[in-house]
Amino acid sequence: MNLPGRTEFAQLRRLLPVGAAVLLLGALLLPMWSIEMHAVQYPNEPLHLSLYAYPRVSGDFVEIHRLNKYIGFYYPDPVFWQPNYEPHPRAIDVPEWSLGPLAFVGVAATSVFVALAPTARKLRRGLTLQLVGAVAVFAGLLADIQFRLYQAGHTLDPDAPVMGVEGFTPPLLGTYSVANITSYSRFGAGAYLTMLAIGLLVVSYAARNSTVTLWEVPEYVRNRFTGDDETTEPTAGTTSERASAPDASRTGRR
């Protein structure tokens with residue numbers, strides 16, 4: 001197999017997917033979703049809770065659990081991977097939470113194939129797979145968080161100390177109030193890193209037929225505005241493919 005040379009590896013369509021992979025792996029280390037809670041029991045400062053792409057919550061999860069248990073709202077049970085808290089027996093099961101790291105690592109690993117693809121055709125296929133995979137994983141993550149929030153808010157413990165609380169759905173983004181607690185939901189840093197990774201993949205996909213390299217970007221942008229596309233002319237393949245193509249000077253008429 002003919003691997004791409006150093007110059008080819010610097011092409012946006014090869015280099016940016018690697019950068020996206022680094023961001024996706026880094027996103028696993030940061031929270032994907034977080035909430036800020038204001039309660040009369042804690043008048044001096046709000047409480048914060050952050051949720052990761054693997055079974056972990058951080059912040060004031062002990063204090064928030066003490067508040068939630070009064071209405072029978074519990075942190076979910078990941079089932080396959082023991083989290084950093086003790087799940088309540090009545091907590092909903094969320095087995096897919098344990099699979100989150102596999103999904104992110106799998107999409108990130110696709111960048112190795114994209115960067116080392118021996119032909120432009122295989123590169124485009126790998127790039128398409130990585131972009132679709134990243135969007136699917138992130139969209140699935142957000143949809144799953146929202147669904148599990150709905151499920152947890154509608155399966156309150158009937159034996160909770162505070163009776164009569166109706167089912168509710170904490171939003172993925174926004175404000176909601178339950179009893180005397182007001183909460184604000186937002187994306188975490190990991191979600192923004194994932195969005196940035198998808199952005200890099202979109203750019204690399206847009207440049208999938210171009211051999212423009214990282215250091216040629218200023219010229220590429222300038223030529224796009226002037227209408228001169230010499231530096232972004234599509235190529236049929238990599239250097240290895242062009243090297244194996246017939247020489248027109250030897251195959252033409254003599």
Side-chain angles (χ1 to χ4, degrees), residues 1-29 53 99-143 190-254:
M1 180 176 66
N2 296 320
L3 298 178
R6 182 179 302 177
T7 302
E8 290 175 295
F9 181 74
Q11 295 171 1
L12 293 182
R13 59 183 182 176
R14 295 181 186 271
L15 190 59
L16 292 186
V18 175
V22 174
L23 292 177
L24 288 173
L25 295 178
L28 289 174
L29 305 177
L99 304 178
L102 294 179
F104 274 77
V105 172
V107 173
T110 310
S111 66
V112 177
F113 174 83
V114 174
L116 301 179
T119 66
R121 184 178 181 182
K122 291 182 178 180
L123 184 154
R124 288 191 292 268
R125 288 181 177 178
L127 185 55
T128 301
L129 179 62
Q130 187 177 10
L131 175 57
V132 172
V135 172
V137 167
F138 186 56
L141 173 70
L142 298 183
Y192 289 111
L193 275 188
T194 305
M195 293 181 198
L196 181 57
I198 293 175
L200 291 182
L201 291 175
V202 170
V203 173
S204 59
Y205 184 80
R208 64 190 181 280
N209 294 319
S210 173
T211 59
V212 64
T213 60
L214 184 62
W215 50 79
E216 293 172 343
V217 169
E219 182 182 358
Y220 170 83
V221 174
R222 183 170 61 253
N223 290 337
R224 292 291 292 181
F225 282 102
T226 60
D228 184 2
D229 295 334
E230 291 182 0
T231 60
T232 60
E233 183 177 351
T235 179
T238 63
T239 299
S240 58
E241 290 179 304
R242 295 193 297 271
S244 61
D247 189 342
S249 64
R250 290 182 294 174
T251 58
R253 291 184 178 179
R254 295 184 181 277

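The shown structure was predicted, so the numbers you read here are calculated from the model rather than taken from an experiment. Because only heavy atoms are used, hydrogens play no part in the values below, and waters and symmetry mates are left out as well, while side chains stay in.
- Inter-residue side-chain proximity for Glu216 and Leu12 is flagged as unmet; no heavy-atom pair is nearer than 4.5 Å.
- Taking 4.5 Å as the limit, some side-chain heavy atom of Pro17 sits within range of a side-chain heavy atom of Leu201.
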- Task: Run the numbers on Phe104 and Leu141 for side-chain contact (heavy atoms from CB on, under 4.5 Å), then give the verdict.
- Result: CA-CA 10 Å; Phe104 274 77; Leu141 173 70; 4.2 Å; yes

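- Taken from CG in Leu127 to CZ in Arg14, the straight-line distance is 10.5 Å, to the nearest 0.5 Å.
- Scanning both residues, Ala53 and Leu28, for their nearest heavy atoms gives CB-CD2, 3.9 Å.
- Taking every heavy atom of both residues into account, Val18 and Ala115 meet most closely at CG2-CB, 3.8 Å.
- Note that the OG1 atom of Thr211 and the CZ atom of Arg13 stand 6.5 Å from one another [nearest 0.5 Å].
- Atom CZ of residue Phe113 and atom CZ of residue Arg125 lie 8.5 Å apart, to the nearest 0.5 angstrom.
- Under the 4.5 Å side-chain criterion, counting only non-hydrogen atoms from C-beta, Val105 is in contact with Leu25.
- Taking each heavy atom of Ala27 and Thr194 in turn, the nearest pair found is CB-OG1, 3.5 Å.
- The OG1 atom of Thr110 sits 11.0 Å away from the CG atom of Leu131 when rounded to the nearest 0.5 Å.
- Of the candidates Leu24, Val203, Val135, Val107, Ile198 forms a side chain to side chain contact (heavy atoms under 4.5 Å, CB included) with just one, namely Val135.
- Note: Leu15 CG to Ser111 OG = 10.5 Å, rounded to the nearest 0.5 Å.
- For the pair Leu16 and Ser204, the tightest heavy-atom approach, listed with the atom from each and the gap, is CB-CB, 3.8 Å.
- Under the 3.5 Å distance criterion, the side-chain polar atoms of Arg208 are matched with a main-chain donor or acceptor of Tyr205.
- Taking CG from Leu123 and CG from Leu116, the interatomic distance works out to 10.0 Å, rounded to the nearest 0.5 Å.
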